[in-house]
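Taking it in order: structure first as structure tokens, then the write-up.
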Number of protein chains: 2
Amino acid sequence: MPAAERFALYLSKHRLKMTRERRALLEHVLSVRGHFDVDDLLRRLGRTGHRVSRATLYRNLPVLVESGLIHKVEMARGQARYERMVGRHHHDHMVCLGCGDILEFESPEVERIQEEVCRRKRFVMTGHTHQIRGYCGSCAGDGRARGKER
Amino acid sequence: MPAAERFALYLSKHRLKMTRERRALLEHVLSVRGHFDVDDLLRRLGRTGHRVSRATLYRNLPVLVESGLIHKVEMARGQARYERMVGRHHHDHMVCLGCGDILEFESPEVERIQEEVCRRKRFVMTGHTHQIRGYCGSCAGDGRARGKER
DNA sequence: CTCTAGTTGCAACTCAGTCTCAATTATGAT
DNA sequence: ATCATAATTGAGACTGAGTTGCAACTAGAG
């Protein structure tokens, strides 16, 4: 099912309305590749003449997340980034502390173990976060690599 | 090596001083069992007559983290909690969205896979976060379980 | 077309954490 | 033991991400 349709369906199912702002947001969110944050989005929307307030963004990103179109990635110290999820499958992240770059990885093996752990502890999993921090190839090479974890 | 000594060593190595405040903080941090946040700590310190300001706590928790005595656990939306690490080994967390309880799990298997992934992507890992969110046994049982992820 | 529940922008607000600065203090050198 | 000095502290102002209250606006069911 195309993303726009899927979103419309989600909205009507929850008695939410397809406003001009949500339409603009949807369109942009689908066209970005890579990870983005609220300010990126705000800038992009501004550039194309769509006036959408910061509050509206903050109110609607969770809607997009819950409809499954995007995914929220919590970075250190409560900085949130998002990524498009349409047509992609689950993966986790490696965050470079040098250049801020985000690599992706996936491991069915880890997923399996997680489920196993939950079963054993009678825990009903609704989601998870798995992030590896460190330095990517180029940053580890030059001097920058010896940063600290806090 | 006893924790206090280890801390003293860390301090002198970094030209940091063993102040009254750091001593109080150390003592409390070692005695708490389970996870705690800055306010817990502040309350505890207050109750035992140690006056340590919030700023000082925020300044020194990273020092304790870097000396390896405690570990920082980043929760959703930038709420940080800490846990004692002396005499314990690495583990990850399952957070109950119902009661807020934190269970621990460990999997050498997952650790191994992580390292494998890093090697393959030429990524130098300095740390990681692996959290499972969901509902613990008792919360999943009663009605509370169907909460939402955002 | 009408009605109404949902939505928006704005600005004021919250909350965790950081920073500034003057006063204080631990520690290595004398 | 005393000194010199670099580190540390508390208080409160500040920051930045995100939230909220409210009056005006609007999508969409009937």
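The analysis underlying the following values was restricted to heavy atoms, covering all of them including side chains, and did not include hydrogens, waters or symmetry mates.
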Polar atom pairs between nucleotides 22-29 of chain C and protein, under 3.5 Å, N or O only, would you list them?
| from | atom 1 | to | atom 2 | distance (Å) |
| --- | --- | --- | --- | --- |
| C/dA26 | N3 | B/K17 | NZ | 2.9 |
| C/dT27 | OP1 | B/M18 | N | 3.0 |

(request) Give a yes or no on whether the backbone of A/S53 and the side-chain of A/E21 come within a donor-acceptor separation of less than 3.5 Å. (result)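 Checked: no pair found.
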
(message) Using a distance-only criterion (donor-acceptor N/O pair, under 3.5 Å, no hydrogens), is the base of D/dG28 paired with the side chain of A/R15?
(response)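 There is none.
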
(request) Tell me which residues in residues 34-58 of chain B put a heavy atom below 4.0 Å from DNA chain C, sorted by number, or none. (result)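 Result for residues 34-58 of chain B: B/A55, B/Y58, sorted by number.
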
Using atom [atom1] of [X] as one end and atom [atom2] of [N] as the other, report the distance to the nearest whole Å.
X	N	atom1	atom2	value
A/L11	C/dT8	CG	P	10 Å
A/K72	D/dA17	NZ	C1'	10 Å
A/R59	D/dT20	CZ	C1'	8 Å
A/Q79	D/dG16	CD	P	11 Å
B/E21	D/dA7	CD	P	17 Å

State, without any angle test, whether [X] and [Y] hold a side-chain donor-acceptor pair at a distance under 3.5 Å.
X	Y	value
A/E83	A/H35	yes
B/H93	B/H91	yes
B/T129	A/R133	yes

(message) Under 6.0 Å between ring centres: does that hold for B/H128 and B/H90?
(response)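 Yes, they do, as the ring centres are separated by less than 6.0 Å.
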
(message) If a pair means Watson-Crick or G-U wobble with both distances below 3.5 Å, what does DNA chain D look like in dot-bracket form, with | marking bases paired to a different strand?
(response) ||||||||||||||||||||||||||||||

(message) Taking salt bridge (charged side-chain N to carboxylate O under 4.0 Å, His left out) as the criterion, tell me which of B/R43, B/R81, B/R54 meets it with B/D37.
(response)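 By the salt bridge (charged side-chain N to carboxylate O under 4.0 Å, His left out) criterion, B/D37 pairs with just one of B/R43, B/R81, B/R54: B/R81.
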
